Protein chains: 2
Amino acid sequence: MLDSGGEKALTLRALTVRLSTGYGAIYHHVADKSDLLATAADEVIAGVMSGAVDDADPRTALRALAVGLFDAIDAHPWVGAEFSRRPWRPALLDFYEGVGRLLDAFGVPEKVRFDAAGTLVNYVLGVAAQNAANARLLTGSGTDRKTFLENAAEQWAQVDPGRYPFVHAATTHLGEHDDREQFLVGVDIFLAGISTLR
Amino acid sequence: MLDSGGEKALTLRALTVRLSTGYGAIYHHVADKSDLLATAADEVIAGVMSGAVDDADPRTALRALAVGLFDAIDAHPWVGAEFSRRPWRPALLDFYEGVGRLLDAFGVPEKVRFDAAGTLVNYVLGVAAQNAANARLLTGSGTDRKTFLENAAEQWAQVDPGRYPFVHAATTHLGEHDDREQFLVGVDIFLAGISTLR
DNA sequence: GCCCTCTTTGGATCGCCACTCCAATCACGC
DNA sequence: GCGTGATTGGAGTGGCGATCCAAAGAGGGC
């Protein structure tokens, strides 16, 4: 229900219909709705983390770890919104742990490793949250992806080029823009910065 | 109302009481509640951005810009939650523009400047969203900051050291941890990474 | 001073939501 | 076959955002 209709489609009423049951049955198993959402998000991420790579060189392993989370959230935007609301869920512990170990293997000194890991996790979650927001706008608009992007481009084109030269220039690059690629560039920037800490 | 009681304290009912008016008056000026929230968030950020520095060297100016947004969101957590839900608001245009120009001044080649700016914006918003989430947990717990942190530390201490050695080690550093400092370390990592692109 | 028009306001009302509560039912050890 | 705790269904509660419209205000033309 979350994947097909977004967060707003998952109401307890709709869930009782889908499961042909009542509220009592649901509330016997989960504390409240946010508990339900959090558990569902954990489930998705647990699936991703189980297929983690450990034996490659740290740099590519870190990239794989980050892009794994990105792809999972890209496929299930509601997970991104959920983790932006409630970080430090059990499932993210695995992610954080994986990043920490790989930074160790990468040669980051113990003193700054926690800050570096936190920075990387924050970046990944930040992109995830924004992707989730974009996806929500898309599914909420009622239109298909193509016309939605056209409308968005039209809006951006109206930005005053005199006041916002950089933003205006950015809009011209919107066509050749790929979220996943930009995310990877960001990961590489942080990895390059972390390398200077060695 | 947002600053004192968080997002959940701002209901339209409570607002009509506070302003001693009715729904009609409010809905005549704003489209809906999210419009109200977004406008309020814009207001806060506009105040921060107006005091931006342009004439210092790009590195310190970028740090100042980033930390300005961080501090504003730290003081008003609901702004962080709002921007994580709806990025690309007018107020963030100023931030994005400022980052872009400073990256230009910093010597980042045009080709990667947009990706770099996007990365930094995502990072700042990611940290902001997480800070907002933490603040929400704090105000929602009903306890004061000290006992809340003690409870949190207790929870983290229960993490299995065998399965999560890195996370477990991180908890021991929780005492000397400062969100703002860690944020700045992250910005510096980003800047170091950006330097390699020059 | 009066009327007309457009703007602004108040509040009753609607529909939907998460959540509570409890009687009824089920599963299973003895 | 009985008893007890786990599980289920669904009516009911209170609060929410949002709508709607009659009433009140503001201001211009004559």
Side-chain angles (χ1 to χ4, degrees), chain A residues 1-44 76-87 89 129 132-143, chain B residues 1-44 76-89 129 132-133 135-143:
Chain A
M1 288 170 76
L2 286 164
D3 282 340
S4 60
E7 281 177 87
K8 71 176 204 304
L10 182 70
T11 68
L12 284 164
R13 279 170 145 73
L15 194 58
T16 57
V17 173
R18 174 80 155 244
L19 301 177
S20 42
T21 179
Y23 295 100
I26 294 170
Y27 275 95
H28 181 76
H29 293 284
V30 296
D32 52 22
K33 194 190 175 178
S34 74
D35 184 22
L36 184 65
L37 259 161
T39 310
D42 281 356
E43 202 79 8
V44 169
H76 314 282
W78 56 272
V79 176
E82 176 59 22
F83 280 135
S84 128
R85 265 193 305 271
R86 328 175 95 217
R89 289 246 78 205
N134 287 339
R136 199 164 34 243
L137 283 175
L138 174 58
T139 60
S141 69
T143 60
Chain B
M1 291 170 75
L2 286 165
D3 281 340
S4 59
E7 281 176 88
K8 74 179 200 302
L10 181 70
T11 67
L12 284 164
R13 283 170 141 76
L15 195 57
T16 57
V17 172
R18 173 81 154 242
L19 301 177
S20 43
T21 179
Y23 297 101
I26 294 172
Y27 276 94
H28 181 75
H29 293 284
V30 297
D32 52 20
K33 195 192 175 179
S34 75
D35 184 23
L36 184 65
L37 259 161
T39 310
D42 281 356
E43 202 78 7
V44 170
H76 314 282
W78 55 272
V79 176
E82 175 59 22
F83 280 136
S84 130
R85 265 193 304 271
R86 324 174 97 221
W88 310 136
R89 290 246 76 205
R136 198 166 32 242
L137 283 175
L138 175 59
T139 60
S141 69
T143 61

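Fair warning: this is a prediction, and the values are worked out from it, not measured in the lab. Convention: sequence-line order gives letters A, B, ...; per-chain numbering from 1.
- Taking atom NZ of A:Lys33 as the reference point, atom C1' of D:dC16 lies 13 Å away to the nearest angstrom.
- Distances were taken from every side-chain heavy atom of B:Thr11 (C-beta onward) to each of D:dC16, C:dT13, C:dC17; the shortest belongs to D:dC16.
- The interatomic distance linking B:Leu19 (CG) with C:dT8 (P) rounds to 16 Å, in whole Å.
- Backbone-only engagement by A:Leu10 is indicated by non-hydrogen atom pairs under 4.0 Å involving sugar-phosphate atoms exclusively.
- Map A:Gly24 and A:Lys8 each onto its nearest nucleotide of DNA chain C; the residue landing nearer the 5' end is A:Lys8.
- Residue A:Arg86 holds its CZ atom at 7.0 Å from CG of A:Asp35, rounded to the nearest 0.5 Å.
- Taking only side-chain atoms of B:Tyr23, from C-beta outward, the nucleotide of D:dA11, C:dG11, C:dA18 with the closest atom is C:dG11.
- One distance of note links CZ of B:Arg13 with OG1 of B:Thr16; it measures 8.0 Å at 0.5 Å rounding.
- With values rounded to the nearest 0.5 angstrom, B:Ile26 atom CD1 is found 12.5 Å from B:His28 atom NE2.
- Distance check, rounded to the nearest 0.5 Å: CG of B:Leu15 to OG1 of B:Thr11 gives 8.0 Å.
- B:Glu7 contributes atom CD, which lies 4.5 Å from atom CZ of B:Arg85 (distance to the nearest 0.5 angstrom).
- In this structure, the separation between CG on B:Leu37 and CG on B:Asp42 is 11.0 Å, given to the nearest 0.5 Å.
- Residues from residues 25-32 of chain A with heavy atoms under 4.0 angstrom of DNA chain D, sorted by number: A:Ala25, A:His28, A:His29.
- The CG-C1' distance, from A:Asp35 to C:dC19, rounds to 14 Å in whole Å.
- Distance, B:Leu12 CG to D:dG17 P: 5 Å, rounded to whole Å.
- Per the geometry, CG belonging to B:Leu37 stands 10 Å off P belonging to D:dG17, to the nearest Å.
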